[in-house]
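This report concerns only the one structure given below.
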Amino acid sequence: MPELPEVEVTRRGIAPALVGQRVLSADFRVPALRYPLPHDLVTRLPGQRLASITRRGKYLLLQFDTGNLLIHLGMSGSLRLLPAGVVADKHDHVDVVFEAPLVAKNSVAKSSANVVLRLRDPRRFGAMLWLDGDLGHHLGHHALLAVLGIEPLTDEFNGAWLKRELTGLKAAIKPTLMDGHRIVGIGNIYASESLFRAGIHPRTAAGRISLKRLERLVATIKETLAAAILAGGSSLRDFIHSDGSSGYFQQQYFAYGRTGEACRVCSHPIREMRQGQRATFFCARCQR
DNA sequence: AAGGTAACCTGACTGC
DNA sequence: TGCAGTCAGGTTACCT
């Protein structure tokens, strides 16, 4: 579920209900996800006010009084807002209870119970870490954050930047797009989708793509991510009781998961191959 | 530095 | 119905 658009949709979904609110309690039900969980937050977090929720790549950063909660959803993670008291399911690993009552804007039902931010992650590839002190410092110095690549939805991410970044690379463009140390947020779905829209074959050597085609690729990456955020936003606007599933953008896929189906542009069957243990989908006629 | 592979983990699905 | 095998939206660690 979570590439950049899904993480951003999650951020926008939970922020209005939580920002400005104080924590009442925290509960950890497993010792670790990808990394050990910060169990000491059970005593450290209560009383702290949530000042902001920001995103860096696929990481969510919740800024509190004395530090920051870093959350990564991995392959199967999701965050939901619930009224306190709802029994945790098998893979609901972390709860953070806020003192504000849950008010469902799009729901007739209102609850007077406190609102719970609940992290579910069946595969446990996700992460939750506590970063003490200043967030700005961690963005530049933390081992997980400092190594992150450029944000694709910024003006700095443009054709000239990408041309420079890819110069000399012999690796295929598709896995290169997914390398978070170069560009953050582009996962397996949006890599295939962006390359389809740009008309670039996924196996093209990254360093041998012209500036003109890279400018086109930058544009399709931005438009694909932006469209997915909009589509996700329309279905996940109400995070209360949401199942955290991805939004309606699936209906707009040109290539991903469409093996054997007709290309929406030229009607040739969409093909599937493996690159770096991951499935790649493309149209051999539209993408050269 | 670059490039490729295995590993982490559970659940859903396919085919026999 | 059961069981084995495969696959899944991510990332790091560890090879060459």
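All chains are named by letter (A, B, ...) in the order of the sequence lines, taking the proteins before the strands, and each is independently numbered beginning at 1.
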So what does A/Y190 hit on the nucleic acid, given a heavy-atom distance under 4.0 Å: a base, only sugar-phosphate, or nothing?
nothing
When the P atoms of B/dA6 and C/dT6 are considered, how many whole Å apart are they?
14 Å
What's the closest nucleotide to the A/Y59 side chain, out of C/dG9, C/dT12, B/dG4?
C/dT12
Would you say A/H181 reaches C/dT12's phosphate, i.e. side-chain N/O to OP1/OP2 under 4.0 Å?
yes
Where the side chain of A/Y35 is concerned, which of C/dT12, B/dT10, C/dG10 is the nearest nucleotide?
C/dT12
Which of the following nucleotides, B/dA2, B/dC9, C/dG10, is nearest to the side chain of A/L169?
B/dA2
Per the atom types in the model, does the base of C/dT11 pair as donor or acceptor with the side chain of A/R34 at under 3.5 Å?
yes
Pick the nucleotide of DNA chain B nearest each of A/A172 and A/H91; which residue has the one closer to the 5' end?
A/A172
Between C/dA8 and A/R123, counting only base atoms on the nucleotide and side-chain atoms on the residue, is there a donor-acceptor pair under 3.5 Å?
yes
In whole angstrom, what separates A/M75's CE from B/dA7's P?
16 Å
Closest to the A/K90 side chain, choosing from B/dG11, C/dT12, B/dG3:
B/dG11
Can you tell me how far P in C/dC7 sits from the matching atom in B/dT5, rounded to whole Å?
15 Å
Round to a whole Å and report the spacing from CG of A/D179 to P of B/dG4.
12 Å
Side-chain donor-acceptor pair present, A/T66, A/Q48, cut-off under 3.5 Å
yes
Could you check A/F254, A/F281, A/F282 and say which one makes a ring pair (Phe, Tyr, Trp, His ring centres under 6.0 Å) with A/F196?
A/F254
What is the separation between atom CG on A/D92 and atom C1' on B/dT10, rounded to the nearest whole Å?
14 Å
Counting only side-chain nitrogens and oxygens, does A/K170 get under 4.0 Å of the OP1 or OP2 atom of B/dG3?
no
Rounded to the Å, how far apart are A/H93 NE2 and B/dT10 P?
9 Å
Could you give the CD-to-P distance, from A/Q277 to B/dC8, as a whole number of Å?
15 Å
With distance as the sole test, does A/K174 use its side chain to make a donor-acceptor pair with the main-chain N or O of A/H201 at under 3.5 Å?
no
Whole-Å distance, A/L73 CG to C/dT11 P, equals 10 Å
Nucleotide nearest A/N188 (side chain, heavy atoms from C-beta), chosen from C/dG9, B/dG3, C/dT11:
C/dG9
For B/dC9, the Watson-Crick or wobble partner whose two distances fall under 3.5 Å
none
Taking B/dG3, B/dC9, B/dG11 as options, the one with an atom nearest any side-chain atom of A/F125 is B/dC9
Residues A/R118, A/D89: salt bridge by 4.0 Å N-O rule
no
Complement of C/dG9, any strand, by Watson-Crick or G-U distances under 3.5 angstrom:
none
Any idea how A/Y253 and A/Y256 line up, ring-wise: parallel (<30°), tilted (30 to 60°), or perpendicular (>60°)?
perpendicular
Give a yes/no on whether any side-chain N or O of A/R274 is located under 4.0 angstrom from OP1 or OP2 of C/dA8.
yes
Touch check for A/A279, heavy atoms < 4.0 angstrom, all strands: base, sugar-phosphate only, or nothing?
sugar-phosphate
Between CD of A/E3 and C1' of C/dG9 the distance, given in whole Å, is 5 Å
Keeping the roles fixed (side chain from A/R55, backbone from A/G57), state whether a donor-acceptor pair exists under 3.5 Å.
yes
Is A/G187 touching bases, backbone alone, or none of the nucleic acid, heavy atoms closer than 4.0 Å?
sugar-phosphate
Measure CE/A/M178 against C1'/C/dT12 and give the value in whole Å, please.
14 Å
For the backbone of A/A279 and the side chain of A/N188, can you confirm whether one donor and one acceptor N or O come within less than 3.5 Å of each other?
yes
